[in-house]
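Take a look at the structure below.
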2 protein chains.
Amino acid sequence: MPLNNQIKPVNPVVEVDEGAANDTSAIDMGPLPNQVGFMLRLAQLAVFQDFIQVYGTVDIRPAQHSALTVIERNPGIRQCDVGAVLSIKRTNIVPLIDSLEKRGLVKRRQTAADRRARSLFLTDKGRKLMGILDQLRLQHERRVLDLIGEKGRERLLEALSRLTGIVD
Amino acid sequence: MPLNNQIKPVNPVVEVDEGAANDTSAIDMGPLPNQVGFMLRLAQLAVFQDFIQVYGTVDIRPAQHSALTVIERNPGIRQCDVGAVLSIKRTNIVPLIDSLEKRGLVKRRQTAADRRARSLFLTDKGRKLMGILDQLRLQHERRVLDLIGEKGRERLLEALSRLTGIVD
DNA sequence: TATTGTTATACTCTATAACTATA
DNA sequence: TATAGTTATAGAGTATAACAATA
C-alpha cells in the first residue's frame, strides 16, 4: 500500500480562542490532516466536547458514564475488571469509583469468594440515573449519526476497532 | 437513520495491568463498543501509544510533533495561529513552545508588523530533527496502514474530519 | 475595545512505585 | 509469589481568570 500524503485543510475543532478572527486557511499543515493520530485527537476532542455538553445537565463525564454502564450490566463486577474493559489502570480506577460512590450512584461491597476484591453495584439512585443517561446517549449519538451516517458509523467503528490492535 | 446498537466485544487496548490474567471476555459492555466517543478514546490511546513508542528515541510527543510540523511549513507563524490550527488554546501553547525552545529546536522572535506577536522559527537543530521525524512518521503511519489498509484509512480520515464539525 | 502573549491555577487523565491484605 | 485495592506522586492535556503590552 502506498504512503502518499495529499494535503487537505482542516478546520479548527472549536473556537480555540474567544476572539481570534484571523485567517488561518492559508496555513500549511503538511501531512497532519492525513495523519490518523492527529485527526483522532481532533475528532475525540470534538465528540467528547459534545458529550460533556449533552451530559452537562447531570454532570457526568465520559469516563464516569462508561464505568456506570459496565457496572449496571455486570452487577458485582470487580474494580480491576472494570479497568480492564475500559483500559483504565487499576490505580486510576480508584478515584473514578470514589467520585461515583461519593455521589451515591455506586456502592462497593466485600466479596465472599475473594476477600481482596471489591464488588461494585449501582445504588437505586444510580439505576434511576441510568434511565436519564440512556436518553442523553441517544441524543448524543444522534448528532454523531447526522454527521457521518449509519454506513459511515459502521465503517468508522470497524476501523477504530482494528486500530486498538496496533499495540500488544 | 436507525440507532440500533448491536453488541460487540472489545479487547483491552493494552495490557492494562502487569499481571491480570483474568477472563474479561464474558463482561457485558452494553452499547459502549458501538459508541463512537468510547471507541475514539480506545483508538487514540492505542495510536498515541504507538506514536510515543516510535518517537521515543528522540523524546518527542504528539503535540510537540504537530507544533514543529506547522512551524517548519510556516516560518514566522505566530503562536496563536499555531494554536488555532492545532486546536490548542493560546494559554496552553506557551509551555508547549517553551519546551521546544528550551531544547533549542524553535526560536521566538519579535515581529515588526505587530509588536504584540511572537514569530516562530525552527533552529538549525530543529530543521535537522525534522528529517529524522519524517522517517519516524512514515514508520508509524506504516503500522496504521497495515491495520486498516489504504482504503480504510481514507474512509477513516473522511469520517474523523466530519466529526470535527459536531461542535461549532 | 480587542488581541497577543503571559502567569497563575485547577481539574481530568494517565503513569510509576510502593504499601496492605489477601490468594 | 502473585493479585486486588489503595496511597502518594508526577506529568501531560485542557480549562478559566486576569494582567501587560500593543493594536
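In what follows, every chain begins at residue 1, and chains take the letters A, B, ... in the order their sequences are listed.
A:Arg153 has a carboxylate O that lies under 4.0 Å from a charged side-chain N of A:Glu150, or vice versa, which qualifies the two as a salt bridge. Of the charged side-chain nitrogens involved, none lies within less than 4.0 Å of a carboxylate oxygen, so that A:Asp124 and A:Lys107 do not count as a salt-bridged pair.
Regarding contacts with the backbone of C:dC13, a side-chain N or O of A:Arg61 is found under 4.0 angstrom from either OP1 or OP2.
For the pair A:Arg109 and A:Phe121, the distance from NZ or CZ to the six-membered ring centre is under 6.0 Å and the angle to the ring normal is within 45 degrees.
We find that CD of A:Gln44 is positioned 14 Å from C1' of D:dA12, with the value rounded to whole Å. The distance between atom CZ of A:Arg41 and atom C1' of D:dA12, rounded to the nearest whole Å, is 12 Å. Atom CZ of B:Arg116 is separated from atom C1' of D:dA23 by 4 Å (rounded to the nearest Å). Across the protein-nucleic acid pair, B:Ile60 atom CD1 and D:dG11 atom P stand 18 Å apart, rounded to whole Å. Separating the CD1 atom of B:Ile93 from the C1' atom of C:dT3 is a distance of 16 Å, rounded to the nearest angstrom. At whole-Å resolution of the value, CD1 in B:Ile97 and P in C:dT7 are 14 Å apart. Counting to the nearest Å, the P atom of D:dG11 and the CG atom of B:Asp59 are 13 Å from each other.
In the interface, the side chain of A:Arg90 is paired with the base of D:dG5 through a donor and an acceptor atom under 3.5 Å apart.
Across C:dG5, D:dA4, C:dT16, the shortest atom-to-atom separation from the side chain of A:Lys89 is found for C:dT16. With D:dT14, D:dA8, C:dA8 as the choices, the nucleotide that has an atom nearest any side-chain atom of A:Thr91 turns out to be D:dA8. When each of C:dT22, D:dT7, D:dA4 is scored by its nearest atom to the side-chain atoms of A:Arg115, the top-ranked nucleotide is C:dT22. Across C:dT22, D:dG5, C:dT6, the shortest atom-to-atom separation from the side chain of A:Cys80 is found for D:dG5. Side-chain proximity of A:Ile88 to D:dT14, C:dT14, C:dT6: nearest is C:dT14.
Using a 4.0 Å heavy-atom cutoff across all strands shown, B:Asp114 reaches sugar-phosphate atoms only and no base atom.
Of the residues near DNA chain C, A:Ala112 and B:Ser119, the one whose nearest nucleotide (by heavy atom distance) lies more toward the 5' end is B:Ser119.
The aromatic rings of A:Tyr55 and A:Phe51 sit parallel to each other, their planes meeting at less than 30°, with 60° as the upper class boundary.
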